[in-house]
Amino acid sequence: MSSQKSDSVHSEWSNQELADVFERIANLLEIKGDVIYKIRAYQRAAESLRAEPRSAAALLAEGKLDEIPGVGKAISEKIEELITTGKLEFLEQLEQEIPPSLLELLQVPDVGPKRAALLWKQAGITDLAGLEAAAREHRLSKLPGLGEKSEARILAGIEALGRRTGRMSLDVAWAHAQRWMDWLRQQPEVQRVEPGGSLRRWRETIGDLDLIAASDHPEPLMERFIHHPDVQRVKGHGENKSSVELRNGVHIQLWAQPPQRFGTLWVYATGSKAHNVRLRELALKRQLSLSERGFEDASGRLMEYATEEEVYAVLDLPWIPPELREDHGEIEAALKGQLPELIETRQIQAELHSHTTWSDGALSVEGMARAAIERGLRILAITDHSGTLGITGGLKAEQLPAQRAEIEQVQARLGKQIKLLHGIEVDIMADGSLGFADEVLAGLDIVIASLHSSLRQPRETITARLVRAIRNPHVDLIAHPSGRLLPNREGADLDWDTVLAEAKAHGVALEINANPHRLDLTDLYARRALELGIPLAINTDAHSPGELDLARYGAAVARRAWVGPEQVLNTWTVERLTRWLAQR
DNA sequence: GCCGTTTTCGGCCCGACTGTTTTCAGTCG
């Protein structure tokens, strides 16, 4: 990407695109060899932009860009230049000095900014193809600081890039992690095994798996780990840390320390990196140095801790739930004793988005109802698809009375075990109208509206389309608002400031779709919705009984968004929920 | 380049692992 926007599909710079520009600047400055703290400033600004739910364009208009952490005078001006002119003089200058194709080299393991500069200046290598050719011709090993082993590692790294499977959805990652944790627990040297990294923080997709072990004898454990028959390539191997690539393309990092250091190790290997940096800064203010081994005081004495609670207590902090550890304000909240109460999966007692054989579900109304009862749910909304284009086997409006009759019969049989609601998941058409007429929607207990088609419309069009649905007086809830599919299909290019403002204005709830391939709303916008007081729903969108168990993934998104039980419709009593629906 | 319950100037996290080196630089998380 250059600093010039390639086309005019987007009317505005998204925070993500701005972040990409600053990350690009940081990488180019690193290759150039600029002051490390300037580089970190650009990196921090990029991270903050990605974590900022309000659009930078809107903040600029309000003169509030400096509310973004790490954005000061210089970066504010650059954001303004990008938004107003579409390009950035500073970046264009930089790209004159440093060939931007060098940035490709940074994707290769073991190639960082210093080596990229070396490869460029001493060997004339400016892109990935050039690097691969040089490695194959054994020209790399002749460069200063590089030998035959480095050359072989770099070549292996380039080949691994081609195999790279990308990020995993959360359910896939957990399945792999469980298998490996079971294996690790069977090893004689292991006292304890836990997940770490982005998996434990329940990030929406997972790159590498981080597994943490307590062991008095880590060496033989690491030895057995790297020689496991599923291991294709050993990326690194030491006493306390090893990392491997498996034959199935999954990358695993195993960390180990003795049990009495498990607390600091687990904090460290859980991250996030930004959270860890903040903890270390707090430690330094107390004349302590914090690492995965423990706290070291000025005299060099190491203090070891077996639990995370003890580690946080040293810094006068309460234990912080992993889902919050992103340096998105959790340290400040913890210091003030104001960590939020987070929703628990067990508090979810309603499923407000489910499908039956009336559309594309696997079970009958009664089958789904009984599955819901088995899982302890008190409320189940049957919300089959409206029979509009693109949805196979959707309901026609004429079928709704028959479906209602069936739901009432099942309700009569099941009695007080569960409250069934007759709803619909109505399609939002390409023009923003709904798949059913208002008179039809008026007769239903709950109306969910969602986008399924034409997700690639330009931002203004698709935003207006969603807004029109939100403004329909019969719509209670917008399901999976962006329509994204993890790990690969991006969601609609929505103007979220507008969508959230409209949802608030009309009291329409927004769904956190719990399916691990959706997780939509994202944590970012769920947190903004929380702050705005927009009602939230955590729904599995179950098409089969097993999918009702996906609620925990939705709860994870809500927890990452600092959401407690109060604002989530699914935690409400039958009376409160039916009253809310009736008032709308 | 950013930031402020030690500061508007002078700071800005830490160790493991690797390879190429004779004591350390680069990369990574």
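In what follows, chains carry the letters A, B, and so on, assigned in the order in which the sequence lines appear, proteins first and then strands, with residues in each chain numbered from 1.
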Can you list, pair by pair, the side-chain donor-acceptor contacts under 3.5 Å of residues 230-239 of chain A, counting residues two or more places apart and other chains?
residue	atom	partner	partner atom	Å
A/R233	NE	A/E245	OE1	2.9
A/R233	NH2	A/E245	OE1	3.2
A/K235	NZ	A/H251	ND1	2.8

So which pairs with a foot in residues 56-78 of chain A pass side-chain hydrogen bond (donor to acceptor under 3.5 Å, both in side chains), sequence neighbours left out? A/Y42-A/K78, A/R54-A/E67, A/E62-A/K64, A/K73-A/E77
Does anything in residues 112-126 of chain A pair up under side-chain hydrogen bond (donor to acceptor under 3.5 Å, both in side chains), and if so which pairs, sequence neighbours excluded?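 The answer is none; no pair qualifies.
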Using the [atom1] atoms only, state how far [M] lies from [N], rounded to an integer number of Å.
| N | M | atom1 | result |
| --- | --- | --- | --- |
| B/dT18 | B/dG1 | P | 37 Å |
| B/dT6 | B/dC12 | C1' | 15 Å |
| B/dC14 | B/dT20 | P | 29 Å |
| B/dC17 | B/dG11 | C1' | 29 Å |
| B/dC13 | B/dG29 | C1' | 12 Å |
| B/dT22 | B/dG15 | C1' | 22 Å |
| B/dA16 | B/dT21 | P | 24 Å |

Who is the Watson-Crick or G-U wobble partner of B/dT8, with both distances under 3.5 Å? none
If you walk 5' to 3' along DNA chain B, what is the first nucleotide with an atom under 4.0 Å of a heavy atom in chain A, and what is the last?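 Reading along DNA chain B, I get B/dG1 to B/dG29.
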Sugar-phosphate only, base, or nothing, as touched by [X] at under 4.0 Å among non-hydrogen atoms:
| X | answer |
| --- | --- |
| A/I39 | nothing |
| A/K114 | sugar-phosphate |
| A/L284 | sugar-phosphate |
| A/L290 | sugar-phosphate |
| A/S289 | sugar-phosphate |
| A/Y42 | sugar-phosphate |
| A/V108 | sugar-phosphate |
| A/P113 | sugar-phosphate |
| A/R293 | sugar-phosphate |
| A/Q43 | nothing |

A/E341: which residues meet the salt bridge (charged side-chain N to carboxylate O under 4.0 Å, His left out) condition with it, sequence neighbours left out?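 Counting only residues at least two positions away or on another chain, A/E341 forms no salt bridge (charged side-chain N to carboxylate O under 4.0 Å, His left out).
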Check side-chain hydrogen bond (donor to acceptor under 3.5 Å, both in side chains) between A/S48 and all other residues, then give those that pass, not counting sequence neighbours.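 Partners of A/S48 under the side-chain hydrogen bond (donor to acceptor under 3.5 Å, both in side chains) test: none.
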Result for 5'-nearest mapping on DNA chain B, choosing between A/V71 and A/G145, is A/V71
Residue closer to the 5' end of DNA chain B, A/D110 versus A/K73 (nearest nucleotide):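 Upstream on the strand: A/K73.
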Heavy-atom side-chain contact between A/R484 and A/R489 under 4.5 Å: no
Distance to the ring centre below 6.0 angstrom and angle to the axis at most 45 degrees; does that hold for A/R179 and A/W174? no
Which is it for A/W180 and A/L246 under the side-chain contact (heavy atoms from CB on, under 4.5 Å) test, yes or no, and what are the steps along the way? CA-CA 11 Å; A/W180 281 86; A/L246 302 178; 3.6 Å; yes
